Amino acid sequence: MTEGIRDDMSEAEIIAGPSGVTPVAPDSGAVNQGLDRIPARTLDRVGPKIAERLERLGIRTVQDLLFHLPLRYQDRTRLTPLPEIEVGVETWVEGEILESGIGLGRRRSLKVWIGDALGAGLLLRFFYFSPQQAAALKPGERVRCYGEVRQGPQSLEMVHPEYRLLRPEADEPIAACLTPIYPSTEGLQQTSWRGLTDQALALMERTAPAELLPPEILESMKLPTLTEALAFLHRPPVGTPFQDLTEGRHPAFARLAFEELVAHQVSLRRMRLEQRRVSAPVLGGDGGLRERLRASLPFRLTASQERVVAEIATDLAQSRPMQRLLQGDVGAGKTVVAALAALQALESGCQAALMAPTELLAEQHHRSLSGWLGALGLEPVWLAGRHKGRERDERLAAIASGAAPIVVGTQALLQDDVAFQDLGLVIIDEQHRFGVHQRLKLREKGGGEDGAPHQLIMTATPIPRSLAMTLYADLDLSVIDGLPPGRTPIVTRAVPDTRRDEVIERVRQACLVGRQAYWVCTLIEESEVLECQAAEDTARQLSECLEGLRVGLVHGRLKSQERDAVMAAFASGALDLLVATTVIEVGVDVPNASLMIIENPERLGLAQLHQLRGRVGRGSVESHCLLLYHAPLSAIARERLGIIRDSTSGFEIAERDLAIRGAGEVLGTRQTGSIQFRIADPLRDQPLIAEAQRAADRLLVGYPELVTPLIDRWLGEREHYGGV
Ligand code: ADP
Ligand code: MG
């Protein structure tokens with residue numbers, strides 16, 4: 001279908017470098033009466049403006065400043081003699097100004113030639129300069145500068161080096177340690193950072209921050225103390241290997257990453273222990289309803305579905321609450337597993353609730369469950385934010401009386417007026433979109449006299465196992481591997497939007513032979529209104545180009561009846577092309593649809609792209625997905641689109657995505673307030689995780705007094721936010 005479409009990212013121009021590192025800084029924790037109690041604004045040269053900028057990075061105290069680690073380092077401990085400088089190397093040099101002047105080539109620039117006694121030279125070039133600068137850089141002055149050496153048209157040069165004129169009377173000393181470069185924000189220069197951290201380090205010599213890892217653990221891990229590690233990382237001595245520091249391998253760095261991992265483990269264990277203390281209703285069930293559902297299914301469960309069904313069934317029959325994460329790729333068949341779990345609760349006389357992050361997804365679950373359970377005479381009730389007045393009251397009454405055995409809904413289920421008669425099982429779909437606090441809140445609604453309800457959390461976000469162990473150490477893990485049989489892999493290609501016409505032509509050809517297609521519109525802005533508008537415009541434009549084809553439109557601002565009608569028309573084949581916003585990420589299942597176009601795929605996360613793409617490839621014909629990107633792509637965007645093109649396994653995509661980006665981004669947790677790391681990186685620091693788990697146990701047993709300060713230091717308000 002897409003033979004004529006060459007996969008092509010070559011038109012993309014690479015924008016240099018991975019930048020955009022998000023600066024992070026720990027919250028102040030109530031550890032002791034020390035540096036965490038000294039406000040940063042008490043430091044020299046910190047006025048209200050600087051204080052406000054520091055605050056923007058989460059830095060309020062001297063201790064926060066100490067935990068604000070350099071991003072990288074420069075070696076300014078050694079001046080390189082001019083004859084030894086090399087192209088591409090950041091270098092610290094010194095010389096006498098031989099000549100300077102304003103050149104008027106293609107671009108006006110200030111050119112300053114420096115040289116040494118032996119006649120070797122270097123050109124310093126400035127495109128932006130003040131008249132004062134030009135006047136100060138006059139022949140005879142000595143200058144010391146730092147920058148990357150480049151090959152210029154006539155000679156070696158440095159463009160916009162950092163420089164300092166040397167005063168003849170006093171030769172200024174060369175830096176005694178590597179120069180740290182800090183993650184910063186607008187209006188804070190590196191020189192300010194160095195000044196601030198100098199002061200903080202001096203204070204640390206008098207009052208050390210509390211050491212929260214016991215010596216026995218540090219010794220067995222051969223890690224430095226906190227004070228040693230911080231002092232080292234801010235001012236590494238001459239000769240420290242650069243790579244080790246910036247890539248997080250140095251023991252000083254590992255020490256901090258390790259402490260953070262331990263803090264997370266301790267917090268998760270504590271949560272888990274608290275959960276264990278609670279009882280839960282024993283939901284053995286007699287298997288009757290489950291048997292009837294199985295008999296009515298048009299398919300047999302796969303071996304891995306059977307395995308997780310059994311794991312869940314065992315947990316539900318215990319008298320303490322199940323806390324289980326059910327992982328499975330898009331289309332792996334998690335819903336039927338959830339339905340079986342719900343029936344087990346019903347067989348035992350309890351209610352079950354299923355919570356989804358969006359109305360569309362909740363509606364889709366409601367539809368699948370109605371289909372399966374309606375046949376058993378069980379009608380699930382569903383509750384969304386838009387149910388108001390009498391409609392809502394009726395539903396609430398059914399939930400409260402137990403007349404509704406299965407309830408499906410959005411966050412609306414968390415509202416205070418939603419009371420269950422006897423909630424035994426809570427199923428949460430797409431956990432990563434909910435914060436931990438929401439998960440716990442739903443738990444509070446159930447259990448009655450028997451304690452807390454059981455919880456099953458389903459996610460299609462393929463979290464690598466190592467990461468899952470770290471992030472969800474309070475949960476048990478069940479994984480459905482692979483997809484049910486009979487699916488054909490999707491072929492994915494990246495195409496620049498300059499070839500949009502060609503892509504539209506492919507859509508026409510596909511539809512002419514009886515296939516159906518999706519066209520997904522995305523926008524940068526998190527604005528639903530604009531996104532819907534873009535989809536409307538695209539639908540109009542595509543209907544004009546594709547005369548004779550039937551084009552439908554769905555987006556999040558349509559009334560659900562309208563949306564249902566369009567979806568039903570598409571599902572029945574009455575529409576050829578469905579233009580949609582990312583709302584179709586969930587809730588659509590049309591096997592005849594075998595082509596998907598995704599506009600601006602570079603704006604979406606890989607997990608979301610993978611989810612979207614999962615809407616095709618549900619039938620037996622080969623499906624195609626075209627990623628219609630807008631050039632120029634940044635280097636990272638290019639790499640990411642390459643990943644999605646080359647792999648159809650959600651797990652592999654996540655692993656590779658994780659390798660090029662931070663863990664928080666892979667999971668899309670930025671909005672949800674669930675776990676993020678400040679210094680640790682679960683992939684890079686994988687070797688430390690098992691040790692961190694052991695250390696966490698050791699702390700809980702042997703050093704209970706360290707537990708709360710540790711959690712406060714690294715998770716701050718976040719754990720309290722989690723409701724523990
Ligand atoms: P997800 O895990 O993404 O939520 P679903 O539960 O929506 O996946 O399942 C995707 C599709 O696969 C549904 O149409 C479902 O009925 C079907 N399905 C589930 N299990 C099986 C199976 N064992 N064999 C065949 N089809 C299955
Ligand atoms: Mg699903």
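The figures here come from the full heavy-atom set of this structure, side chains too, leaving out hydrogens, waters and symmetry mates. Everything numeric here is computed off the predicted structure, so don't read it as measured data. Residue numbers start at 1 and run along the sequence shown. Counting starts at 1 for both ligands and their atoms, following the listed order.
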Can you list the atoms of ligand 1 that are under 4.0 Å from a heavy atom of Thr335?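 Taking each heavy atom of Thr335 in turn, ligand 1 has 4 (O), 5 (P), 6 (O), 7 (O) under 4.0 Å.
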Which of the numbered atoms in ligand 1 are below 4.0 angstrom from a heavy atom of Thr302?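 Matching atoms, with element in brackets: 23 (N).
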For Arg550 and Gln516, what are the C-alpha separation, side-chain angles and deciding distance, and is it a side chain to side chain contact (heavy atoms under 4.5 Å, CB included)? CA-CA 10 Å; Arg550 299 156 301 173; Gln516 289 166 282; over 6 Å; no
Between Asp417 and Arg392, does any NZ, NE, NH1 or NH2 come within less than 4.0 Å of an OD or OE carboxylate oxygen?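 Salt bridge present between Arg392 and Asp417.
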So is there a nitrogen or oxygen of [X] less than 3.5 Å from a nitrogen or oxygen in ligand 1?
X: Arg300; result: yes
X: Gly331; result: yes
X: Gly333; result: yes

Over 60° means perpendicular and under 30° means parallel, so classify the ring planes of His387 and Trp382, tilted if in between.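 Rings of Trp382 and His387: perpendicular, as their planes differ by over 60°.
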Would you please name every residue forming a salt bridge (Lys or Arg N to Asp or Glu O under 4.0 Å) with Asp497, sequence neighbours left out?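 Result, salt bridge (Lys or Arg N to Asp or Glu O under 4.0 Å) vs Asp497: none returned.
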So, for Arg613 and Ile653, which heavy atoms are closest and what is the spacing to 0.1 Å?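 Scanning both residues completely, I find the closest heavy atoms to be NH2-CD1, 3.5 Å.
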